[in-house]
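Lettering of chains follows the sequences in order, A, B, ..., and the numbering in each one begins at 1.
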Amino acid sequence: MFRSVFARSFKSGVLLNVYKRQYAFVRERRNPESIISTLTSTKITTSEDWEVVKNKIFNDFNTIKPSNIDAVVLTNCINYKHYDLAENYLEYLKKSGVEYNLATIGKIFKLNFCTQNESKGKDSKRNTHETLYAMYEQVKGKYGTLDSITNEHVIMGLSVTDKWEICKDILNEIKLTCVPNSIAYSCTVKAAFQNGQFDYAWNLLNEMLEKNRKPNNMCYIAYIDKCIEDKSISLEKLFEFLGDNDLICDWELIQNLRKYFQETKFVKITQKGLCTGCKKVIPRIDLSDEEFDVLKSKIFERVIVGKDVFRNTSPSELQLFQKMMNKNINYDVVIDGLNVAYSAGTKTSAFVNAHLLSSVVRYYIEQNKKVLVLGRTHMERWPKKYFDFIRANAEIFLTQNISKDDPYLLYCALHAGSNAIIVSRDLMRSHVYLLKENHHKRLFTRWLTQSQHQLVKVLDNGDVIIKKPLPYVETTQKVDGYWHLPYYTVENQESVNWMCLKLK
Amino acid sequence: MWRFLSKCKKLVLDAPNQQKLRTFCTNGNVDVSKISGGDEALEHKLKVIILEADVMRQDGKTVPSPEFMTSDHWSELLKLETRSSRKKYLQFLFKVEKKKEGQAQKKEIKRVERESQDFEPNVDGAMRYDLGHNNIFLRFFDSTINHMYNNKLMQAMQFGQKIVIDCGYDENMTKRENINCAKQLMFCFAENRIHNDPFDIHFSNCHLDRDLIKYLHKHIPTMYDADFPMNIHEASYLDMFPKNELVYLTPHCREELKEYDHNAVYIIGAIVDKINNEPLSLAKAKREGLKMAKLPLDRYLQWGSGAGKSLTLNQMISIMLDIKTTGNWEHSLRHVPRRKLVNHEMQPSKFSNYRQTEVSNVKKSTSSWKPKGDPKNNLLNLRKIMNE
């Protein structure tokens, strides 16, 4: 075909309508409250009222059609806590003889969960339990295996009934296609606690954390309520769980804890780790030798070598490094040379860089510590005076300019043991991510927060200001029988407040 | 002629053009057994995923209608592991569906408009004389131009410098990155073909059964033809060229490419590294012990803050073509997008006749033309002339 040019002309009016329809779903997504405001604007009692409202919604919203109106109406009512309106709509559907579609059925279960939560379970109707279970049986028979979304709603609904044990099987069914979400897990755990199946509940909680699902407060609150009911069950298990997994409470959980204990104190922990409530000092949490070995091997496998040793370094460099490690000298301080050198900015001269690093080295030498500095070979081109000083007083390991020095730094610091200091401003988050398992990540951050010195400033006269780490870890821990719980308030999500209490 | 052309062609594998049968599913009629390939567990999972999509549709979420979904879409959904990724893919398909609907509507409008226009009926049986119809001008047919470009490429294969594009990174890229990379490879080939002095491009380390080359095949359907001037190799460049000639171009190394070597075989890695920013090309070059170089971007250009120093493949090929022809880095680096640099003004190049688009040689005067003297006088003068 020959190349030709067609003149284009558009009828702007009609086209504008096309464009309007194209981006309608974007518009509707940006104003989520518009549907619920339409629903609540007029008082709805009869079927005719519902018809009117439905037609209005069909006119206003392009993405809502007769096939999805039911579930959308129910979702909006539930999300904005208009449970009566939702019940009203369900009655209207029953009257008009419309068969519920699968999404609507899911919402019915969710609605049951929400209304039970509101009434705090005092209003448990036996009828609803039976009807819900019958509905579930019918749907399961029709479709065989249900999808994950419906299943999650079913778990929510059935967990507040006496048929909660089915939730265990439903969880396994969800796992066929995806990892269940936090609510599904939390509802099952809550039901398990309420019905006394503690082992199952704790196992499920651990599973949740492995799969990066944060447990909802309802789990803990269910356990606390059970402890109030039955004095033989101790709250220790909950605190141990929170402490092992570095979970920090929020204000809602703290309120629930206070209704269990009468003597809880809101305390402050000083810079030295002294609790103002029980007057005890919170100690460091040191990693054991085995934990150090595990971390070292994981750093070596995942961070230094990774999928391809050539990406971060090279085999020859690795050999040199291992030779140095085999000398087995115990260093007290391991310095990230480049991080310290560039702490005044990346565009500074070699003079400034060298001066910063040598000042920090001198600071630690004056404290009679053994120092190891890691860097890159371009540091050899620094002003001779400074580099010779560093070379004379500390051990240096330089990697090639195209290799990464951070992984080697971490390995050296771990090798040096629990009292070693690592000097760097870098929080090493990308390296933490590479240690895939949560357990290892926790050990690593625990070690790093206690061992990391950060360079703040080097003054003109050569004095060095270093930010030392806290002498304790901000996690739930027991000191001489007193439990210390960190928590976040509603206003302040950055720094932790502390609560101190003693279990009888 | 054909024998000569086929000798020039360095095709390693002769893959036939496959016409895929698309099975559209209507109202839930999905060919489950074909998509899952007979595996019962997968079949079960697929049925659950179909149900999940139905529930999302009933919930008012952005899910395409059942008529739009093809077997390819379902098999892609089956591969995705998390529900959120499935949701995002379905949202993408929804947007595609709506876009197609919009285009169909626009087409309909234009068709109605076109048909409503009345043309003058033929007077005395005379022809319609028009740019789009009969006229005195010779037409440049697409095929003629393509033959000219292909001829250039054939000459480059015989006499021109070789350059390698390393396509072996498809496992390090996500599906979207693979699709983007395939499009860039297509542009690469096109840029090279159009240039006055093209390279002899060799695509090496190609995995013909994987996404990257499959999508390239969609862009260039005649890729595997015997007479099409494209070199696709499954083997590595190490088997094709002597090691001392190879230079791997990677942005992660230290040495800059100061002078262009006409005897070297440069290697460009076909990676779109939006997500994974590990130095993969550097690692590969180190492992194979090849010489490495990077473009002297910092030396000739002032890079703006917040702009990534990664260049697309077609930009790379354009730069290499220009540096080969002119030897001038400033001219070659005009292909780097100006938005990445600190000042956005285009610097005029002294080699402007090498540009493909015609640059007018007429000097643009900076001052606008103004009539001399008082405008009222000019009007009087005009009247004088008219009254003569």
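Under the 4.5 Å side-chain criterion, counting only non-hydrogen atoms from C-beta, A/Arg376 is not in contact with A/Gln400.
Closest approach of A/Val303 to A/Asn312, counting heavy atoms only: O-ND2, 2.9 Å.
In terms of non-hydrogen atom pairs under 4.5 Å with chain B, the most contact-rich of A/Leu74, A/Thr177, A/Asn181, A/Asp308 is A/Thr177. With respect to chain B, the highest number of heavy-atom pairs below 4.5 Å among A/Thr104, A/Val309, A/Asn101 belongs to A/Asn101. Between chain B and the options A/Val72, A/Thr145, A/Thr75, A/Thr150, heavy-atom pairs under 4.5 Å are most frequent for A/Thr145. Taking chain A as the reference chain and counting heavy-atom pairs below 4.5 Å, the highest number among B/Lys284, B/Glu52, B/Arg287 is found for B/Arg287.
For B/Arg86, the part lying near chain A is the side chain, with the backbone staying farther off; criterion is any non-hydrogen pair under 4.5 Å. For chain B, no part of A/Ser316 is nearby; none of its heavy atoms comes within less than 4.5 Å. When heavy atoms are compared at a cutoff of 4.5 Å, B/Glu278 approaches chain A solely by way of its side chain, counted from C-beta outward. In this structure, chain B has heavy atoms under 4.5 Å from both the backbone and the side chain of A/Ile149. Contacts between B/Lys47 and chain A at a heavy-atom distance below 4.5 Å are absent for every atom of the residue. At a 4.5 Å heavy-atom cutoff, the contact between B/Leu282 and chain A is made by side-chain atoms alone. Contact annotation for A/Lys107: only side-chain heavy atoms (C-beta onward) come within less than 4.5 Å of a heavy atom of chain B. Neither the backbone nor the side chain of A/Phe61 comes within contact range of chain B; no heavy atom of the residue lies under 4.5 Å from a heavy atom of that chain. For A/Thr313, the part lying under 4.5 angstrom from a heavy atom of chain B is the backbone only.
Between B/His73 and B/Phe68, the ring-plane angle classifies as parallel under the 30° and 60° cut-offs.
Checked by atom type, the side-chain pair B/Gln58/A/Asn68 shows no donor-acceptor distance below 3.5 Å. A donor and an acceptor atom, one from each side chain of B/Glu288 and B/Tyr237, are located under 3.5 Å apart. In summary, the side chains of A/Ser34 and A/Ser37 do not present any donor paired with an acceptor at a separation below 3.5 Å, with no hydrogens or angles considered. For B/Asn178 and B/Asp170, the side-chain atoms include no donor-acceptor pair closer than 3.5 Å.
Salt bridge annotation for B/Lys61-B/Asp59: present, with a cationic side-chain nitrogen under 4.0 angstrom from a carboxylate oxygen.
More than 12 heavy atoms of other shown residues, nucleotides or ligands fall within 6.0 angstrom of atom NZ in B/Lys45.
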